[in-house]
2 protein chains.
Amino acid sequence: MDSGKSGDATAVTIPETKDKGKGKAVTWAAPPSVYSVSTKAEPSPRPGWKKGVAITDFVLRLGAIGAAMASAVTMGNNEEMLPFFTQFLQFHAQWNEFPMFQFFVVANGVISGYMILALPFSYVCIVRPHAVGPRLSLMILDIVMMGVVTGGASSAAAIVYLFHNGSQDANWIAICQGFSNFCKAASQAVVTSFVAAVFLMCLVSLSALALIRN
Amino acid sequence: MDSGKSGDATAVTIPETKDKGKGKAVTWAAPPSVYSVSTKAEPSPRPGWKKGVAITDFVLRLGAIGAAMASAVTMGNNEEMLPFFTQFLQFHAQWNEFPMFQFFVVANGVISGYMILALPFSYVCIVRPHAVGPRLSLMILDIVMMGVVTGGASSAAAIVYLFHNGSQDANWIAICQGFSNFCKAASQAVVTSFVAAVFLMCLVSLSALALIRN
């Protein structure tokens with residue numbers, strides 16, 4: 001009788017706690033999964049470490065946004081017209097007359113946009129440091145974006161080098177003596193874009209670390 | 001009788017709580033899957049899949065060696081001298097007079113050497129598909145090498161573009177009318193190098209897949 005009553009009592013209390021709020025459903029689901037983790041990987045693999053990686057990931061992403069956006073804006077506003085001209089030459093240099101600079105601006109703009117869109121997913125990785133799905137998809141997109149930004153920065157760097165030094169072999173003259181501000185802005189944009197590329201490289205390496213099963 | 005009744009009562013209450021909200025169905029479904037995971041994890045989850053990834057990794061590495069070596073050799077032997085000259089111009093084009101092509105050849109040579117050195121480690125990953133150490137170190141080096149080869153290929157591509165089209169803005173004339181063979185070889189080398197970059201991109205993504213804890 002007593003045991004039956006106590007059994008009844010528990011049967012009542014459990015639904016009560018369940019019914020208190022919808023949040024309970026989550027808490028109710030949590031304990032078994034916690035046990036399963038502890039049995040699966042016995043010493044509960046340093047969740048704080050993974051969280052630290054996820055937070056670093058978020059911060060690096062902010063840095064990459066800043067760098068990519070700065071380089072896109074710097075290059076996108078890059079234009080110089082010299083105050084003199086001859087009959088044949090109009091001394092005017094603009095970024096969008098060089099296809100590599102167009103690619104550069106587009107690439108850095110795309111990276112900025114992607115990075116902003118990726119921030120929520122990065123936040124999910126902070127909240128759930130063990131989630132594999134968002135981290136893996138972010139990582140593979142990061143790899144592609146790393147290729148894009150490195151390509152854009154390198155091709156722009158090649159052109160900026162020619163601006164500075166020209167090429168004797170191809171009879172291309174350096175134009176930086178004339179367009180010094182144009183050259184300076186282009187160089188700054190290239191350097192900033194390489195900084196974004198390094199940020200992305202760190203991001204991919206960090207994601208690789210976070211994906212290790214431990 | 002009483003105890004039987006109380007048992008009946010609990011049997012009723014539990015389904016009731018399940019039916020109350022759709023969230024309950026999830027909570028109820030969780031425990032069995034958790035147990036299945038914990039039992040699944042023990043007997044080394046799908047080793048064949050990981051082995052397949054490791055073998056693909058090895059094959060991709062061979063492809064990357066071929067592509068990088070081919071582009072380094074093509075560019076490294078790229079030279080053309082036209083059979084006529086004027087008083088002022090000697091029509092001679094050689095790869096090592098362009099610093100971007102020098103970087104290109106060095107980058108592709110380094111990639112080839114690294115890939116050859118990495119083959120034994122890739123083989124270790126085939127033999128031990130669950131080893132994390134060699135895979136992670138290979139992956140991080142692959143990321144760096146991907147950056148290097150993408151940078152080299154992109155800067156060379158920018159120069160090859162200028163060879164073909166010149167730049168009105170900077171008063172650089174296209175030189176491909178004259179040096180057609182030089183241009184053709186340079187373009188081939190650039191394309192092959194981009195193939196190597198794509199191989200490396202696939203390698204990094206594959207390593208990411210292989211690193212997932214399962």
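Labels below follow one simple rule: chain letters A, B, ... track the order of the sequence lines, proteins then strands, and each chain is numbered from 1. Given the structure is predicted, the values throughout are model-derived calculations rather than measurements. Heavy atoms only: backbone and side chains are in, while hydrogens, waters and symmetry mates are out.
Under the 30°/60° scheme for interplanar angles, the aromatic rings of Trp172(B) and Trp172(A) are found to lie parallel.
Annotation: Phe58(B), atom CZ; neighbour count of heavy atoms from other residues, nucleotides and ligands within 6.0 Å is above 12.
For Phe98(A), the part lying near chain B is the side chain, with the backbone staying farther off; criterion is any non-hydrogen pair under 4.5 Å. With a 4.5 Å cut-off on non-hydrogen atoms, Ala157(B) does not touch chain A at all.
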Audit row: Leu162(A), Met100(B), side chain to side chain contact (heavy atoms under 4.5 Å, CB included) steps and yes/no: CA-CA 10 Å; Leu162(A) 284 179; Met100(B) 301 67 147; 3.8 Å; yes
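Leu211(B) and Ala208(A) get closest at one heavy-atom pair: CD1-O, 3.7 Å. Shortest non-hydrogen contact noted between Ser154(A) and Ser154(B) is CB-CB, 3.8 Å.
Comparing Ser167(B), Ala158(B), Gly178(B) by heavy-atom pairs within less than 4.5 Å of chain A, the highest count is held by Ala158(B). Note on Ser205(B), Ala153(B), Gly152(B): by heavy-atom pairs under 4.5 Å with chain A, the leading option is Ser205(B). Between chain A and the residues Val198(B), Leu200(B), Val204(B), the most heavy-atom pairs under 4.5 angstrom are made by Val204(B). Ranking Val144(A), Ile175(A), Ile143(A), Asn165(A) against chain B, the residue ahead of the rest is Ile143(A), based on heavy-atom pairs under 4.5 Å.
Separating the CE atom in Met139(B) from the CG atom in Leu209(A) is a distance of 9.5 Å, to the nearest 0.5 Å.
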